[in-house]
Peer 1: 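Dropping a structure here in structure tokens format, bear with me for questions.
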Amino acid sequence: MCFEKSRPVFDKNKYIEAPRQGVVLYCREITEKDPDVIRLYEFEEAHVVCPNGLIKYISEPGFYKIYYRPARVVWARRTPLELTIGIPKMNLPFDYGINVTVSLIPRSQQALVSSLVGAKEITITLDMVKDELRRLLRIAVTNKRPDPNKDRNEVIREIHEELNELLRRSQFNMFVCDVLGVGFSHECGLLKSLVGET
């Protein structure tokens, strides 16, 4: 193994951590020129690819000393990412808009690590993921043309399958998503009238 847990380091110039704001995945190659300590927070997990190709998973927060370099470290959010993505009706070829709530999780440890090989440093932000999911959702609902009058579980299943197929062929193919719910734009107006909003 090319690393082990170490004592805390208090000088920020002497360790490497993932950027804190809005980051879903962060990958960095740790070379001889870099600090030899990485930091992991409570909400993160990491995958370390040692120089011999061995991949080790870290789930415990703390500081870790890297002994053999270059090593590649992939920091990832520990919990699934739950997002609501919507497409207004003006951007669709039918007379209603649609929104979905999805839970996004890594496909596998191997998929996560292998998809980020090649670059010295890669940051995947929440905004990047939302933009790509919005683009894929637009394609998915245009392809499937979900019927608001159909059984909701059937609509969810159709969008789930199509969205995951598109995601598998996208730049974020290291993820899989679980479609948790689907809503249509005309339901928003109905909800407002039921609760007395104008």
Side-chain angles (χ1 to χ4, degrees), residues 18-27 41-45 47 57 59 74-117 119 122-198:
R20 302 290 298 278
Q21 288 300 98
V23 172
V24 176
L25 283 178
Y26 177 67
C27 177
Y41 288 91
E42 292 78 12
F43 55 87
E44 296 172 321
E45 59 189 19
H47 307 271
Y57 172 70
S59 61
V74 179
W75 284 263
R77 289 173 58 110
R78 181 183 297 276
T79 57
L81 189 60
E82 196 169 297
L83 303 165
T84 299
I85 307 295
I87 310 293
K89 68 179 180 181
M90 67 178 136
N91 293 339
L92 292 171
F94 31 83
D95 64 349
Y96 52 86
I98 191 166
N99 65 74
V100 297
T101 301
V102 299
S103 178
L104 197 69
I105 55 173
R107 188 177 299 281
S108 68
Q109 174 181 313
Q110 189 61 42
L112 195 67
V113 172
S114 63
S115 65
L116 300 171
V117 169
I122 300 170
T123 304
I124 297 176
T125 66
L126 185 57
D127 287 340
M128 291 164 67
V129 170
K130 282 181 177 178
D131 288 346
E132 182 67 358
L133 282 176
R134 194 171 291 111
R135 184 184 77 79
L136 296 177
L137 177 62
R138 184 174 184 273
I139 296 168
V141 298
T142 300
N143 290 348
K144 290 298 178 181
R145 299 184 79 87
D147 182 351
N149 299 315
K150 205 181 217 181
D151 176 69
R152 192 55 54 101
N153 289 330
E154 180 65 19
V155 173
I156 289 171
R157 186 190 62 74
E158 284 179 359
I159 293 176
H160 173 88
E161 289 174 1
E162 186 72 7
L163 197 52
N164 275 293
E165 183 59 35
L166 293 166
L167 193 57
R168 200 177 348 271
R169 297 188 309 237
S170 80
Q171 63 179 331
F172 295 135
N173 60 8
M174 72 285 284
F175 293 112
V176 62
C177 73
D178 186 16
V179 176
L180 305 172
V182 173
F184 296 96
S185 57
H186 64 274
E187 295 169 337
C188 297
L190 178 61
L191 181 61
K192 284 180 183 177
S193 67
L194 288 173
V195 296
E197 292 182 23
T198 56

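In what follows, every heavy atom counts, from backbone to side chain, and hydrogens, waters and symmetry copies are set aside. Positions are given from 1 along the sequence.
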Peer 1: Parallel, tilted or perpendicular: which fits the ring planes of Y96 and F184, with parallel below 30° and perpendicular above 60°?
Peer 2: perpendicular
Peer 1: List the residues meeting side-chain hydrogen bond (donor to acceptor under 3.5 Å, both in side chains) with R78, not counting sequence neighbours, and say none if there are none.
Peer 2: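 R78 satisfies side-chain hydrogen bond (donor to acceptor under 3.5 Å, both in side chains) with no residue once adjacent residues are dropped.
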Peer 1: Taking side-chain contact (heavy atoms from CB on, under 4.5 Å) as the definition, give me every residue that meets it alongside E82, ordered by chain and number, with sequence neighbours left out.
Peer 2: T101, L180
Peer 1: Going by heavy atoms in the side chains, are I159 and L137 under 4.5 Å from each other?
Peer 2: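 In short, these two side chains touch, coming nearer than 4.5 Å.
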Peer 1: What residues, two or more places apart in sequence or in another chain, satisfy side-chain contact (heavy atoms from CB on, under 4.5 Å) together with R168?
Peer 2: R107, E165
Peer 1: Check step by step if side-chain contact (heavy atoms from CB on, under 4.5 Å) holds for E162 and L166.
Peer 2: CA-CA 6 Å; E162 186 72 7; L166 293 166; 4.2 Å; yes
Peer 1: If you define the side chain from C-beta out and look only at heavy atoms, does anything of P146 sit under 4.5 Å from I98?
Peer 2: yes
Peer 1: Using every non-hydrogen atom in the two residues, find where I124 and M128 come nearest and quote the distance to one decimal.
Peer 2: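 Heavy atoms only, the tightest pair is CA-SD, 4.0 Å.
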Peer 1: Looking at side-chain heavy atoms only, is the closest gap between R135 and R138 below 4.5 Å?
Peer 2: no
Peer 1: Using atom types as modelled and distance alone, determine if a side-chain donor or acceptor of N164 lies under 3.5 Å from a backbone N or O of H160.
Peer 2: yes
Peer 1: Check step by step if side-chain contact (heavy atoms from CB on, under 4.5 Å) holds for K150 and E158.
Peer 2: CA-CA 11 Å; K150 205 181 217 181; E158 284 179 359; 2.6 Å; yes
Peer 1: Could you go through the side-chain contact (heavy atoms from CB on, under 4.5 Å) check for V100 and L133 one step at a time?
Peer 2: CA-CA 10 Å; V100 297; L133 282 176; over 6 Å; no
Peer 1: If you take all heavy atoms of P80 and I105, which pair is closest and at what distance?
Peer 2: CB-CG2, 3.4 Å
Peer 1: Taking the side chain as C-beta and beyond, is there a heavy-atom pair between E44 and Y26 under 4.5 Å?
Peer 2: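 No, too far: nothing below the 4.5 Å cut-off.
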Peer 1: Taking atom CD of E132 and atom CG of D127, what is their separation to the nearest 0.5 Å?
Peer 2: 13.5 Å
Peer 1: Taking all non-hydrogen atoms of both residues, which atom of D95 and which atom of K89 are closest, and how far apart?
Peer 2: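 So the two residues come closest at O-CD, 3.6 Å.
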Peer 1: Any non-hydrogen side-chain atom of C27 less than 4.5 Å from a side-chain atom of H47?
Peer 2: no
Peer 1: Is any side-chain heavy atom of L92 closer than 4.5 Å to one of T142?
Peer 2: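 They are in contact (side-chain heavy atoms under 4.5 Å apart), so the answer is yes.
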Peer 1: With side-chain contact (heavy atoms from CB on, under 4.5 Å) as the criterion, how do F172 and L104 come out once you've worked through the C-alpha distance, each side chain's angles and the decisive distance to 0.1 Å?
Peer 2: CA-CA 11 Å; F172 295 135; L104 197 69; over 6 Å; no
Peer 1: Looking at side-chain heavy atoms only, is the closest gap between L167 and L136 below 4.5 Å?
Peer 2: yes
Peer 1: Flag the pair V129 / L25 as yes when at least one side-chain heavy-atom distance between them is below 4.5 Å, and no otherwise.
Peer 2: no
